[in-house]
Amino acid sequence: MSRFWSPLVHQLTPYVPGEQPRTPGLIKLNTNELPYGPSPRALKAMRDAADDTLRLYPDPVSLSLRTALGKRVGLPADHVFVGNGSDEVLAHAFQAFFAHKAPLLFADVTYSFYKVYCELYRLPYQTVALDETMQVQIEDYNQPCSGVVLANPNAPTGIALGLDKIRQLLEMHQDRVVLVDEAYVDFGAESAASLVKEYANLLVVQTFSKSRALAGIRVGFAFASPELIEGLTRVKDSFNSYPLDRIAQAGAQAAAEDEAWFCEHVEKVKASRERLSAGLAALGFSILPSQANFVYIHHVDRSAARIASDLREHAVIVRHLKGERTADWLRVTIGTDQQCDVLLSVLRDILLRND
Ligand SMILES: *Cc1c(COP(=O)(O)O)cnc(C)c1O
């Protein structure tokens with residue numbers, strides 16, 4: 001509390017990011033980063049960008065990067081927006097599109113930042129409960145709203161919806177923006193980017209933080225009709241004209257163009273996910289079917305909070321989210337096979353101890 005804060009700041013409940021530990025040597029399975037370093041081509045591009053030209057402002061519209069991103073999905077640059085992490089793209093989208101009387105709809109169990117943006121921009125919202133199997137039921141979104149935000153695959157569940165369901169949502173709310181947050185789409189779900197030409201109300205948001213192993217440079221992007229891109233750009237240019245620095249633009253573009261690195265590492269994560277899931281099942285965990293680079297797990301006779309703290313004592317960190325429907329679950333990022341093996345062996349020890 002401070003007498004200097006505006007009333008709005010007093011009321012905020014900010015997002016709490018997963019821990020970035022200062023102790024070296026921890027096995028870090030708590031924030032869905034990739035366990036592998038980024039594309040060597042991206043690293044080289046960033047080293048090359050670190051020269052005298054850094055005295056100049058970057059391209060304010062990141063045209064070269066947007067062109068490269070659009071090319072991958074068959075869209076011209078005027079259908080592409082980039083921001084300082086997809087969190088920034090989401091923030092601009094909330095401000096640009098969801099200020100109506102009716103509430104914004106999103107799932108009761110989903111990315112917790114959505115609620116935070118609603119508070120920041122004073123947008124009414126209504127959560128829609130996942131069913132008892134933690135799945136989204138599209139029919140439940142058939143109600144007056146300012147728009148819909150859907151993480152696909154969802155986080156923290158990892159469960160993905162097919163494009164038929166996304167289409168259903170887009171048809172249901174033709175006069176509202178449907179934002180599909182595809183932070184994890186590359187690990188096994190189908191991207192709605194292919195529907196952008198067909199639906200003017202679709203906004204697809206993706207990031208370099210997960211499948212491109214570039215969380216450290218903060219680059220996110222969106223695909224949508226030029227009408228929606230212009231809305232985002234108006235907000236961006238009223239906030240920060242240069243959200244992506246020169247190094248980030250160069251690194252992201254090289255990463256977007258390195259298809260071989262991308263395919264190899266996404267496949268690696270998917271194989272490790274299947275391997276880890278089998279190991280966890282053998283230890284008595286229930287695991288939701290994941291199309292992401294994490295699994296959401298639950299153990300019948302051991303509290304999730306307890307497992308998380310026991311794991312931490314053994315130098316492994318995973319994410320435990322509080323909240324009525326999430327308190328019994330743990331979200332575990334897919335590490336290297338070696339890290340997953342350490343996790344499984346520590347879990348085995350923890351579960352064998354019956355104190
Ligand atoms: C990680 C994540 C983001 C944010 O990604 P950045 O691009 O690093 O800001 C957005 N949405 C979901 C669902 C995420 O898990």
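Each ligand, and each atom within it, is numbered from 1 in the order the structure gives. The figures that follow rest on heavy atoms only: side chains count, while hydrogens, waters and symmetry mates do not.
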### Query
Is the shortest distance from a Lys or Arg side-chain nitrogen in E88 or R218 to a carboxylate oxygen in the other one below 4.0 Å?
no
### Query
Is the shortest distance from a Lys or Arg side-chain nitrogen in R275 or D341 to a carboxylate oxygen in the other one below 4.0 Å?
yes
### Message
Suppose we call two aromatic rings close when their centres sit under 6.0 Å apart. Are H299 and F285 close by that rule?
### Response
yes
### Query
Applying a heavy-atom distance cut-off of 4.0 Å, which protein residues contact ligand 1?
G85, S86, D87, Y111, D181, A183, Y184, T207, S209, K210, R218
#### Entry: K268 to Y36, cation-pi by 6.0 Å centre distance and 45° axis angle
yes
### Query
Is R72 close enough and on-axis enough to F262, meaning under 6.0 Å and within 45°, for cation-pi?
yes
Using atom types as modelled, flag every donor-acceptor pair under 3.5 Å from a side chain in residues 188-196 to any protein atom, sequence neighbours excluded.
residue : atom : partner : partner atom : Å
S191    : OG   : E182    : OE1          : 2.7
S191    : OG   : A193    : N            : 3.0
S191    : OG   : Q206    : NE2          : 3.3

